[in-house]
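Read the structure below first, then the notes.
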There are 2 protein chains.
Amino acid sequence: MGKAAETRKILLQKAFELIYINGYQATSVDDILATTNVTKGAFYYHFKNKEEMGLAVIKELMHDTMQSQMIEPMLSAPNPLDIIYKIMHDLLLETPFLQIKYGCPTHNLIQEMAPLNENFREALLEVMASTQKKFETALKNAIDNRTIKTTTNVKQVANFIITGYAGIRNIGKLYTSDECYHLYLNELKSYLNSLRT
Amino acid sequence: MGKAAETRKILLQKAFELIYINGYQATSVDDILATTNVTKGAFYYHFKNKEEMGLAVIKELMHDTMQSQMIEPMLSAPNPLDIIYKIMHDLLLETPFLQIKYGCPTHNLIQEMAPLNENFREALLEVMASTQKKFETALKNAIDNRTIKTTTNVKQVANFIITGYAGIRNIGKLYTSDECYHLYLNELKSYLNSLRT
DNA sequence: CTAAAAACATACCAATTGGTATGTTTTGTA
DNA sequence: TACAAAACATACCAATTGGTATGTTTTTAG
């Protein structure tokens, strides 16, 4: 990677981290510059404005992260239902970067920016649409496996599962322990079992 | 209500609406003043600072609204399970003030403010804790009714249901139609049925 | 090596922010 | 009615914001 591309990557990475903690609007360009030792000239050389940078964070960083966090486990699936549970479990309890207090970067951004900015909404929609597709594929496999009922509405169930994750990342912010995560995971397991043949 | 109390109420109500649309941090005191024809002097007579006003919105407005939207339907419950579904249905599809695009005021504030400000977190936790208690009571009634399994973990199920609502209010922001709400409600119905004896 | 383009650095700016200082008006009460 | 306190109004301020103008340095291509 060239030096310029490196600078750009550093900016995106640090912006991502700050946005995760403080939100997009509350993260100032100056904040990003202060924590990267990059200057304003460099920033506005790489990005037309703050919005373009924010969109690049979604399209170039979050999209790929989401994919690698979903695709890889989803492919090596002996039992799709167990894998779905494991993904949720690992995402909630075994991913140190993601903290209960700060929730999920993607759903934070959806909550804050989707209503405010159409470009953000569309970029985030793409991230979530491709994630949902992965779940739907896993569920189709589970149908073929005869693991779950053939009458299962895979789109509906995938939507329900993702919705639950988005929700617990929200509710979790109210608490100071991971108890509610465990509570959620237990009931998720029951729910997933209710799908079985 | 005295005139001063009226002014205070107007400020809280308009602040609530603006915060719902734009978020707490993005809603400036000047915005609130401009849309209420109240002056800055009056604002800072009624509230020590912006934070105190925000907390008053939660404690004096949102808490009561949430209660009346939950308690009343929850009490007149012939079948608790059906009532839970109806509450969700009405909240999502029959409450004009709440728009898909802007989600739910409470969960918006949780997402934005809980990690940033301990006072907000605690105030919001109280709102959600009392809401969850209502659901737990309804579920206990459903157990006594023999509607749902006696082995049901009411706390866990209540948490799961609320979590789903928080989630769909988040995911819904990505879309321009209420299709995903219907999708969610359909699967919620299936899930609730899976709880039955 | 050299010129031009890419990459970065510095200094600045107008607008907006939450908040304050210092008033004036209104209201309750003796 | 008198007067003090409550309620409100106006003018200001320092800090922060995203962004720009105008540089200098570093790469790259011929």
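Here is the naming used below: chain letters follow the sequence lines, and residue numbers restart at 1 for every chain.
- We find that CZ of B:R8 is positioned 15 Å from P of D:dA6, with the value rounded to whole Å.
- Evaluation of the side chain to side chain donor-acceptor pair (under 3.5 Å) rule for B:T95 yields no partner, not counting sequence neighbours.
- In terms of the ring-ring contact (aromatic ring centres under 6.0 Å, His included) criterion, residue partners of A:F160 (sequence neighbours excluded) are, by chain and number, A:Y191, B:Y184.
- Proximity of residues 112-121 of chain B to DNA chain D (heavy atom under 4.0 angstrom from any strand atom) is not detected for any residue.
- One interatomic measurement links the two molecules: NE2 of A:H46 to C1' of C:dA9, which rounds to 13 Å at whole-angstrom precision.
- For B:E6 and C:dT26, the CD to P distance is 17 Å, given to the nearest whole Å.
- Every pair passing salt bridge (Lys or Arg N to Asp or Glu O under 4.0 Å) that includes a residue from residues 13-28 of chain A is listed here, sequence neighbours excluded: A:K14-A:E17.
- With C:dC8, C:dT27, D:dA9 as the candidates, the nucleotide lying closest to the side chain of A:A4 is C:dC8.
- What separates CG of A:N37 from P of C:dT10 is a distance of 11 Å, to the nearest Å.
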Please tabulate, for side-chain N and O atoms in residues 47-61 of chain B, each donor-acceptor pair with protein atoms closer than 3.5 Å (sequence neighbours left out).
residue: B:N49; atom: OD1; partner: B:E51; partner atom: N; Å: 3.3
residue: B:N49; atom: OD1; partner: B:E52; partner atom: N; Å: 3.0
residue: B:K50; atom: NZ; partner: B:Y24; partner atom: O; Å: 3.0
residue: B:K50; atom: NZ; partner: B:T27; partner atom: O; Å: 2.9
residue: B:E51; atom: OE2; partner: B:N117; partner atom: ND2; Å: 3.3
residue: B:E51; atom: OE2; partner: B:N119; partner atom: ND2; Å: 2.8
residue: B:E52; atom: OE2; partner: B:K48; partner atom: N; Å: 3.1
residue: B:E60; atom: OE1; partner: B:R8; partner atom: NH2; Å: 3.0
residue: B:E60; atom: OE2; partner: B:R8; partner atom: NH2; Å: 2.5

What does the list of N/O pairs under 3.5 Å between the protein and nucleotides 15-25 of chain D look like, with a distance for each?
residue: D:dG18; atom: OP1; partner: A:K50; partner atom: NZ; Å: 3.0
residue: D:dG18; atom: OP2; partner: A:V29; partner atom: N; Å: 2.9
residue: D:dG19; atom: OP2; partner: A:Y44; partner atom: OH; Å: 3.2
residue: D:dG19; atom: OP2; partner: A:K50; partner atom: N; Å: 2.9
residue: D:dG19; atom: N7; partner: A:K40; partner atom: NZ; Å: 3.2
residue: D:dG19; atom: O6; partner: A:K40; partner atom: NZ; Å: 2.8

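- Separating the CG atom in A:L33 from the OG atom in A:S28 is a distance of 8.0 Å, to the nearest 0.5 Å.
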Could you pull out all donor-acceptor pairs under 3.5 Å where a side-chain atom in residues 164-177 of chain A meets a protein atom, sequence neighbours excluded?
residue: A:Y165; atom: OH; partner: A:R169; partner atom: NE; Å: 3.0
residue: A:R169; atom: NH1; partner: A:Y181; partner atom: OH; Å: 2.7
residue: A:R169; atom: NH2; partner: A:L91; partner atom: O; Å: 2.7
residue: A:N170; atom: OD1; partner: B:H107; partner atom: ND1; Å: 3.0
residue: A:N170; atom: ND2; partner: B:H107; partner atom: O; Å: 3.0
residue: A:N170; atom: ND2; partner: B:Q111; partner atom: OE1; Å: 2.5
residue: A:K173; atom: NZ; partner: A:N108; partner atom: OD1; Å: 3.0
residue: A:K173; atom: NZ; partner: B:Q111; partner atom: O; Å: 2.7
residue: A:S177; atom: OG; partner: A:E179; partner atom: N; Å: 3.0

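- The salt bridge (Lys or Arg N to Asp or Glu O under 4.0 Å) search around B:D31 returns none, not counting sequence neighbours.
- Applying the salt bridge (Lys or Arg N to Asp or Glu O under 4.0 Å) rule to pairs touching residues 89-113 of chain A yields A:K86-A:D90, sequence neighbours excluded.
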